[in-house]
Amino acid sequence: AHSMAWDDERKNVVLFGGSNQSAMNDTWTWDGSTWTDRSSAVRPPARTNAALAYDPTAKRVVLVAGISAFGVRLTDSWTWDGSTWSATGFDGPPGDTPVMAIDEERKQLVLVTANMTWTFSNGTWLRRAFPGPLPGNMSGHALTWDPVRKNLVLTGGTGTVVEVWTWDGGRWTNLTPTLPSAPPRRSRHTATWDPIGKAVRITGGFGPSGWLDDTWSFDGSRWKLITPSLDPLDPMPFLQATSPFVLHEPSKRPIRFGGQTDQGSVSEETWTFQTRGGACTRGPQCNSGFCVGQDCIVQASCGICE
């Protein structure tokens with residue numbers, strides 16, 4: 001139940017808080033290979049399930065709300081400049097596992113709680129009201145930016161399948177009724193953009209029968225279940241409930257850290273998601289390590305007629 005976000009100014013992944021028996025308030029960064037403790041003297045109170053995202057205008061990472069060590073729903077907001085946390089003075093409504101992401105087209109943060117939508121730009125939070133239907137009571141939802149279709153994608157479940165809503169800066173649109181298929185409903189799952197597969201990836205979450213460990217992709221019009229490699233040398237992560245899924249921009253790989261395994265223990269593992277058979281620009285973006293002609297392939301070269 002920790003929070004993670006990509007810091008585009010300092011080019012690293014930022015992690016804050018979470019729980020290991022009790023709520024924590026430490027800060028860590030990941031540069032693609034190493035975790036570094038960045039905890040400072042001034043820091044937000046310990047919490048779980050907070051919203052965390054990068055603000056391109058202020059060039060800082062923004063932390064909002066969450067659940068305190070005493071089980072109280074927090075309403076505060078903080079910013080991280082790479083070395084210091086600062087309180088912003090925001091005092092919004094307490095939200096049950098709020099989610100937040102950057103609207104790249106309009107350069108503003110969008111915060112979604114159970115039934116409210118807020119935007120943050122130029123240091124000011126604004127509660128938004130919209131015409132038409134709104135996402136409602138999607139506790140444990142996930143929010144991520146789709147740069148191809150230039151909208152935010154909100155996923156969650158209140159019925160039998162995962163709902164999909166998109167945000168274009170002025171209104172929410174419910175795509176769920178128009179989709180030919182969808183994953184089973186879930187909450188507390190995580191989502192990120194995969195630039196190689198050019199799709200939103202969601203993984204895990206809590207479904208009708210308990211914790212899930214599946215991964216799906218959404219290309220704007222349909223869902224696809226990602227079947228793991230059958231190669232016995234390719235490991236798969238243990239079930240990692242309440243584990244964020246964040247894109248590490250330089251390597252173009254989504255990263256996961258921590259979470260709760262199916263045995264009930266807290267994980268200390270860091271995983272990256274790689275694409276086989278997808279588009280690439282260099283070898284490390286592929287499982288095999290070979291990128292030829294902007295495609296991930298199994299080996300570096302082929303014989304005649306191969």
Side-chain angles (χ1 to χ4, degrees), residues 1 3-4 49 51-53 95-103 110-117 130 132-168 171-195 197-228 236-247 254-256 259-260 262 271 273 275:
S3 303
M4 284 171 34
N49 299 305
L52 192 69
D96 186 4
T97 59
V99 291
M100 182 168 56
I102 178 65
D103 179 340
V110 177
L111 172 70
V112 183
T113 59
N115 53 13
M116 298 181 191
T117 302
F130 315 100
L134 298 173
N137 298 319
M138 292 171 65
S139 174
H141 40 297
L143 184 68
T144 191
W145 174 250
D146 179 343
V148 172
R149 284 151 285 273
K150 298 188 183 304
N151 56 35
L152 284 168
V153 180
L154 179 73
T155 56
T158 57
T160 59
V161 299
V162 168
E163 294 184 22
V164 178
W165 293 74
T166 58
W167 157 267
D168 63 5
R171 69 172 62 229
W172 286 103
T173 301
N174 187 0
L175 300 184
T176 314
T178 67
L179 301 178
S181 62
R185 68 173 173 88
R186 65 195 64 201
S187 62
R188 298 173 70 183
H189 57 293
T190 53
T192 193
W193 173 254
D194 178 4
K198 292 183 171 53
V200 171
R201 307 280 192 192
I202 71 167
T203 182
F206 190 80
S209 301
W211 289 106
L212 302 165
D213 61 355
D214 52 350
T215 298
W216 294 73
S217 68
F218 179 71
D219 64 5
S221 60
R222 65 181 61 247
W223 286 100
K224 179 181 179 181
L225 176 64
I226 304 302
T227 304
M236 289 292 291
F238 290 110
L239 175 66
Q240 291 175 290
T242 64
S243 170
F245 199 27
V246 175
L247 179 66
I255 167 187
R256 295 191 73 180
Q260 182 177 348
D262 54 357
W271 288 81
F273 183 89
T275 299

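Quick caveat, the model's predicted, so the values are computed rather than measured.
Using a 4.5 Å cut-off on side-chain heavy atoms (C-beta onward), Trp167 and Asn151 make no contact. The shortest distance between side-chain heavy atoms of Lys150 and Trp145 falls below 4.5 Å. A 4.5 Å side-chain heavy-atom check between Thr192 and Asp194 finds every atom pair outside the cut-off. Within the 4.5 Å cutoff, the side chain of Thr160 has no heavy atoms near those of the Arg185 side chain. Residues Thr203 and Arg256 meet the side-chain proximity criterion, which asks for heavy atoms closer than 4.5 Å. Proximity of Thr155 to Trp216: side-chain heavy atoms (C-beta onward) are nowhere separated by under 4.5 Å. The closest side-chain heavy-atom distance from Ile202 to Arg186 is below 4.5 Å. The shortest side-chain heavy-atom distance between Leu247 and Pro195 falls under the 4.5 Å cut-off.
Remark: Trp223 pairs with Phe218 by the ring pair (Phe, Tyr, Trp, His ring centres under 6.0 Å) rule, at least two apart or across chains.
Residue Leu154 holds its CG atom at 11.0 Å from CG of Leu175, rounded to the nearest 0.5 Å. Taking OG1 from Thr190 and CE from Met4, the interatomic distance works out to 9.0 Å, rounded to the nearest 0.5 Å. One finds the CH2 atom of Trp271 at 12.5 Å from the CD1 atom of Ile255 (value rounded to the nearest 0.5 Å). Rounding to the nearest 0.5 Å places CZ of Arg149 at 10.5 Å from NZ of Lys198. With rounding to the nearest 0.5 Å, the separation of CZ in Arg188 from CG in Asn49 is 6.0 Å.
Using modelled atom types and a 3.5 Å distance limit, the side chains of Ser221 and Asp219 yield a donor-acceptor pair.
Of all heavy-atom pairs spanning Thr176 and Glu163, the tightest one is OG1-CA, 3.3 Å. In terms of heavy atoms, Ala101 sits closest to Leu152 at CB-CD2, 3.8 Å. The shortest non-hydrogen separation linking Pro254 to Trp193 is CG-O, 4.4 Å. Val162 and Pro184 get closest at one heavy-atom pair: CG2-O, 3.0 Å. Between Val110 and Asp103, the shortest heavy-atom distance links the atoms CG2-CB, 4.1 Å.
Within a 6.0 Å sphere centred on CZ of Arg222, other residues, nucleotides and ligands contribute 12 heavy atoms or fewer.
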